[in-house]
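See below for the structure under consideration.
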Amino acid sequence: MESPSLSEIEAFISTPFDYIVVGGGTAGLPVANRLSDNATIKVGILEAGVLHEEDPMIEIPRNMGMRNEDPKYAWVSSTSPQPEAAGRRIPVVRGKLLGGSSALNHMGWDRGSKEEYDAWELFTDGGGGWKWDSFLPFLKKPEDATLAPATRDLAIEYSASKDVISPGIPGETARGIGGHVKTCYNMYNTDVVPAYVKAWNTLKQQTNSNPFGGHASGIYNMPQSIDYATGKRMSATSAYYTPASSRPNLKLLAGAQVSKILFNPELIDGQHVAVAVQFTVNGNKYSVSASKEIILSAGAIGTPRILELSGIGDSKLLSNMGIRTIVDIPSVGENLSDHIFTGIQYQAKPGIRTFDELILNPDFAAAEQERYAKTGQGWMAANDPMAVFTPLNKIMDESILSSKIQEIETAVVTGKSTGKLNDLVTRQYSIQLEWLKQGKLPHLEFIMFSRGLGTPDPEGNCFLLATGLQHPFGRGSVHIQSADPLQQPSINPRYLTEEFDVFSLLAGYRTIEKLAQSPPLADIIAKQVMPAAHMTDEEVIQYIRQACMSSSHYMGTAAMAARELGGVVNHNLKVYGTTNLRVADASIIPIPLAAHLQATVYAIGEKAAALIKSEQV
Ligand SMILES: Cc1cc2nc3c(=O)[nH]c(=O)nc-3n(C[C@H](O)[C@H](O)[C@H](O)COP(=O)(O)OP(=O)(O)OC[C@H]3O[C@@H](n4cnc5c(N)ncnc54)[C@H](O)[C@@H]3O)c2cc1C
């Protein structure tokens, strides 16, 4: 791992910064870019990972996933043993490099539904404009949608049904044009995709021709954060850092791990004033000052860790670690949620090609690599774009569902739920129960991965049909284990601790089975590879516990909510009890969102920058 030289560190710490952004990731880099567009404002970025310039492992879309366990690219960590997931430690993947998780993710570009963003305002008691109508400009701002020449909406083209839904604001006004992150439709679809879409149509799932308009249920062709012209991934680095990197007033120190925020001993109106950031390089400690603000953008795992190391968190936990409490906020690091998923692997009949072909057929792989090098197109630029987001009532018997909803409602009301029922979670549950009863918002996502897990079988290409829980009831936590800033925090998502979450994934699993039996998908399947077919409900539940994985969609650990409710930041993203410490990343999301997170996190970065600018004098 490259480290910055002493002269680079000295140049950085002697700069009179106005703002320091901690974490050069998906939200942090938009903040740094927007603040430094004023040449009189000095902005510093501290990033624990390094800058990977022109790295094919990041830029070439088909190389995704290959560096998730490499410490030069990722924080290699796992959860604490998860009792309800067969006691496993489940890998926790996050980017540790400039660009953060946007440089490692699967590039899907989507957003949640109107009602979900409208709910954010219920946590901030109306402040700050955190609802669909006022957040929409920020959801659009990061994006530069390439609508031509990649205009083919294959979800509609492949659709067997004429029953296409397109509610909400019109598609033309819902997408962003001219922003920093270029997006396009997928460049190549494997042979499984047309049959997959049509099989969903036979199960009465409608195609959604306008998933960005505020209604995210249905089948759709999810755009990708890929530049159509080059075929390269767009990360926060290529989108926001590179174009601004030559600004003299923007400085990056990569390879510097932040340990804590330092505060002025004197308070202003009873509030703490953040003045500097302490970081380590090769075990040596340094600090750098900021005269205006410090913005924490270290992600849903990194941000609560830094808050606690700085003395902001649950005073009991902090005193056990020997850390002096600066602000007692017991909810720091609580409220962790994630989209857990499970799946079934199938082998396709001979002649049906999935991405396994790139491993099984070296000549074909070489030809595709050559095509990519010349044109930026083809299989190496391709992904799995078909998204299916569905409420539970679209995939199961309504009477069974309503009795299950009744059960969880009773558990919540009587306090029998196994989760920690603080005020924040109680409000979240009442909103989530309402969403379930209305049956409009997605509760599950179905994803088709056009490749098998493990070593491909030469007898036939494989693919995986997976389902992921979008509005889980389980809530976990991330907390430091000691005052040592280099020790990994304890990450406990408490997966599958709520019965309803298990029930939902079982329903998703049974739907995958039905889908695989539906033509024309059934016609291209040779066999079910994993797990065994024809399992009882008990056996499927056991399999889910043994095999479920994280989607790496960690959120909520420094929730934006009223302080008395259990919030960590207010509607201006300021940490309670401080005048000038903000959080901008996935940790502020106050309630689980039924979408992949990056587009929303970029929007949080854009909105944070606008909030900060609006307070500049
Ligand atoms: C493998 C994977 C696949 C995914 N697929 C998709 C997808 O297809 N579509 C989608 O929309 N979303 C996807 N996501 C989720 C999405 O990418 C993340 O939710 C989002 O990028 C998180 O942004 P963030 O700004 O909160 O954190 P990050 O982007 O992770 O940024 C945090 C940054 O802070 C740095 N940092 C942390 N601690 C410190 C410290 N102490 N000192 C200095 N720096 C620090 C980190 O190194 C990192 O660069 C995926 C994520 C992963 C990991």
Side-chain angles (χ1 to χ4, degrees), residues 20-31 45-51 61 64-69 71 73-75 77 91-112 181 183 222-226 233 235-237 240-241 252-261 277-281 295-307 309-310 338-339 383-385 387 445 447 468 480 485-486 488-489 549-558 583-589 593 595-605 608:
I20 303 248
V21 177
V22 175
T26 316
L29 292 181
V31 172
I45 306 165
L46 282 164
E47 167 54 46
V50 297
L51 167 61
M64 74 184 146
M66 290 188 186
R67 287 292 177 268
N68 287 358
E69 288 167 20
Y73 295 76
W75 297 87
S77 61
V92 176
V93 181
R94 300 162 283 147
K96 184 184 183 184
L97 70 169
L98 195 73
S101 300
S102 72
L104 289 190
N105 70 19
H106 290 188
M107 296 162 283
W109 186 267
D110 63 334
R111 64 173 75 134
V181 186
T183 63
M222 189 183 287
Q224 312 290 308
S225 45
I226 296 176
R233 169 200 292 271
S235 67
T237 306
Y240 283 95
Y241 176 72
L252 164 71
L253 192 69
Q257 183 163 332
V258 169
S259 29
K260 59 173 151 178
I261 309 303
V277 179
Q278 190 181 86
F279 60 93
T280 56
V281 176
I295 300 102
L296 276 179
S297 296
I301 307 294
T303 285
R305 175 196 203 183
I306 296 170
L307 285 170
L309 289 167
S310 311
D338 181 22
H339 298 148
N383 203 351
D384 283 305
E445 180 189 8
I447 320 160
I480 52 170
L486 299 180
Q488 291 273 7
M549 292 301 292
S550 164
S551 297
S552 309
H553 290 174
Y554 312 106
M555 58 190 134
T557 50
V583 176
D585 59 27
S587 44
I588 68 116
I589 298 174
L593 182 74
H596 302 231
L597 298 186
Q598 69 165 338
T600 298
V601 175
Y602 276 117
I604 290 169

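Whatever order the structure lists them in is the order used to number ligands and atoms, beginning at 1. Just so it is clear, the structure is predicted and the values come from calculations on it, not from any experiment.
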* **Any Thr26 side-chain heavy atom under 4.5 Å of Asn105 side chain** => no

* Please tell me if the side chains of His596 and Met107 come closer than 4.5 Å, counting only heavy atoms from C-beta onward. => no

* Closest heavy-atom pair and its distance - Ser550, Pro91 -> CB-O, 4.1 Å

* Residues lining ligand 1 [heavy-atom distance under 4.0 Å, listed by chain and residue number] -> Gly23, Gly24, Gly25, Thr26, Ala27, Leu46, Glu47, Ala48, Asn68, Trp75, Val93, Gly95, Lys96, Leu97, Gly100, Ser101, Ser102, Leu104, Asn105, His106, Met107, Gly108, Ala256, Gln257, Val258, Ser297, Ala298, Gly299, Ile306, Ser552, His553, Asp585, Ala586, His596, Leu597, Gln598, Val601

* **Test item: Ile301 and Thr557 side chains (from C-beta on) under 4.5 Å apart, heavy atoms** => no

* Structure fact -> Residues passing the ring-ring contact (aromatic ring centres under 6.0 Å, His included) test with Phe279, sequence neighbours excluded, are Tyr286

* To do: Name the orientation class of the two ring planes belonging to Tyr602 and Trp109 (parallel below 30°, tilted from 30 to 60°, perpendicular beyond 60°).
  => tilted

